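Working notes, structure below.
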2 protein chains.
Amino acid sequence: MHVKQHNNLLAFSEHNHHQCEKVLLDRAKTLCDQREVRLTLRRRQVLEILLSTHQPMGAYDVLNTLNKTEQNITPPIVYRALDFLLEQGLAHRIESENAFVPCMHPGHQCEAQFLICSNCHCVAELDSAISPVLDEAQKIGFEIRHAVIEISGLCATCRQ
Amino acid sequence: MHVKQHNNLLAFSEHNHHQCEKVLLDRAKTLCDQREVRLTLRRRQVLEILLSTHQPMGAYDVLNTLNKTEQNITPPIVYRALDFLLEQGLAHRIESENAFVPCMHPGHQCEAQFLICSNCHCVAELDSAISPVLDEAQKIGFEIRHAVIEISGLCATCRQ
DNA sequence: AAATGTTATGTAATAATATAACAATATGCA
DNA sequence: TGCATATTGTTATATTATTACATAACATTT
């Protein structure tokens, strides 16, 4: 399995998840080193929690999970770690769920789009981007800063 | 001005807003009659408040506005009216803002996409739909139920 | 190592958004 | 009218997120 080459649909496929987590955590470390930002204990813990599943987690899910091994984890601690991960492109916020997923290809520039299965609640991250909507925007002189593209429905497995 | 023909970019254009509101409120009445659902006082009041601007309004913005003329309007009252409007396609929820806008072409089937100006906070509703993301979804057997497409940036006016 | 500035975390309180549960009222219709 | 259903009113609370300020960790200079 070549996790680095295309992990777009990983969430909907059988895969070695332990390796999936490991590769992305290592990649996060490398990127933070390169950028001279610190992947501190708390930030790494939150990233690890996000990486543990392909289902989006709410901030309070993360908080409760973290509180199983740590003490007195409060909302600001979690939200600050999440903000860091979002800034560094190591995680994404799923607006339509008020929840967070780890980025499946950190370091890539283009913005992500998400396919969200309503049944298994897994989220696949695409990076193909570019749609007629964006063309339309350009045509009318709208300068795009950020695109939220979240498609929900049923993944191939759950349709069966 | 032909509100009915293309009000996609109305939000970013000078227009007779009084007429814009009136046309859409009348259209809502007609649609509700056709569908044999009731556009009650509360529902109409909430729709009117949404129609008063092209900026998305939070539920509590609506609540505070409504409480200026009414008494004891509470969150459930507002959320229920909003739910009704969403169900009937008379309003949309902007997920990335936890806020609501009136639908600019109610009765049309296809899902909307939004251009949100970060400066003037106006929202334009496109209905052109269909993007490579949707194609991609289909290709991998993902059955689309709902698409959240919210593009934020600067509208032509605010870029200047 | 001490002093300093900066970054990150801890802590308490609260704001903002949304829903649950049940009571009362209004509406449509037999 | 009386019944069933839909809608609204009311109270309480759940969920998500932020503010404000205190403390601690880290990095650099001395």
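All values reported here derive from a predicted model rather than from experimental measurement. Below, chain A is the first sequence line, B the second, and so on; all start at residue 1.
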Task: Euclidean distance, B/Asp61 CG relative to B/Ile49 CD1, rounded to 0.5 Å - done: 10.0 Å
- [ ] Decide yes or no for B/His17 and B/His54: does some side-chain heavy atom of the first lie under 4.5 Å from some side-chain heavy atom of the second?
- [x] yes
Task: Distance, rounded to the nearest Å, where A/Asn72 contributes CG and C/dG10 contributes P - done: 9 Å
TODO: Can you measure from CG (A/Leu115) to CD1 (B/Ile144) and round to the nearest 0.5 angstrom?
DONE: 7.5 Å
Open item on the list: Using whole Å, what does the distance between atom C1' of nucleotide C/dA15 and atom CG of B/Leu63 come to?
Closed with: 15 Å
Identify all side-chain donor-acceptor contacts of residues 92-103 of chain B below 3.5 Å with residues at least two apart in sequence or on another chain.
from: B/His92; atom 1: NE2; to: B/Glu125; atom 2: OE2; distance (Å): 2.9
from: B/Arg93; atom 1: NE; to: B/Glu95; atom 2: OE1; distance (Å): 3.1
from: B/Arg93; atom 1: NH2; to: B/Asn98; atom 2: OD1; distance (Å): 3.0
from: B/Ser96; atom 1: OG; to: B/Glu150; atom 2: OE1; distance (Å): 2.5

Using atom names, set out every protein N or O paired with an N or O of nucleotides 19-22 of chain D below 3.5 Å, distance rounded to 0.1 Å.
none

TODO: Calculate, to the nearest 0.5 Å, the distance between atoms CG and CG belonging to A/Leu25 and A/Leu50 respectively.
DONE: 11.5 Å
Task: B/Asp26 side chain near B/Lys29 side chain, heavy-atom distance below 4.5 Å - done: yes
TODO: Would you kindly give the OH-to-C1' distance between A/Tyr79 and D/dA17, to the nearest whole Å?
DONE: 5 Å
- [ ] Specify the residue among A/Phe84 and A/Pro75 whose closest nucleotide of DNA chain C lies further upstream toward the 5′ end.
- [x] A/Phe84
Open item on the list: Could you tell me if the side chain of A/Cys120 sits less than 4.5 Å from the side chain of A/Cys155, heavy atoms only?
Closed with: yes
- [ ] Please work out which residues in residues 31-51 of chain B have a non-hydrogen atom less than 4.0 Å from an atom of DNA chain D and list them by number.
- [x] B/Arg38, B/Thr40, B/Arg42, B/Arg43
TODO: Choose from C/dA18, D/dA17, C/dG10 the nucleotide whose nearest atom is closest to any side-chain atom of A/Tyr60.
DONE: D/dA17
Open item on the list: Taking the side chain as everything from C-beta on, heavy atoms only, tell me whether B/Arg159 gets closer than 4.5 Å to B/Asn119.
Closed with: no
- [ ] Nearest whole angstrom, please: distance from the C1' of D/dA24 to the CD1 of A/Ile77.
- [x] 12 Å
Could you pull out all donor-acceptor pairs under 3.5 Å where a side-chain atom in residues 68-79 of chain A meets a protein atom, sequence neighbours excluded?
from: A/Thr69; atom 1: OG1; to: A/Leu66; atom 2: O; distance (Å): 3.4
from: A/Glu70; atom 1: OE1; to: A/Arg42; atom 2: NH1; distance (Å): 3.3
from: A/Glu70; atom 1: OE2; to: A/Gln45; atom 2: NE2; distance (Å): 3.1

- [ ] Round to the nearest Å and state the distance from B/Leu82 atom CG to D/dT8 atom P.
- [x] 12 Å
Please set out all donor-acceptor pairs under 3.5 angstrom arising from side-chain atoms of residues 31-40 of chain A, sequence neighbours excluded.
from: A/Arg35; atom 1: NH1; to: A/Gln88; atom 2: O; distance (Å): 2.7
from: A/Arg35; atom 1: NH1; to: A/Gln88; atom 2: OE1; distance (Å): 3.1

Open item on the list: Please report the interatomic distance CD1(B/Ile116) to CD(B/Gln55), rounded to the nearest 0.5 Å.
Closed with: 12.0 Å
Task: Between C/dG10 (P) and A/Glu70 (CD): distance, integer Å - done: 8 Å
Task: Close approaches to DNA chain D from residues 93-101 of chain A, in residue order (heavy atom, under 4.0 Å) - done: A/Arg93, A/Asn98
- [ ] Specify the separation, in whole Å, of atom CD1 of B/Ile73 and atom P of C/dA18.
- [x] 18 Å
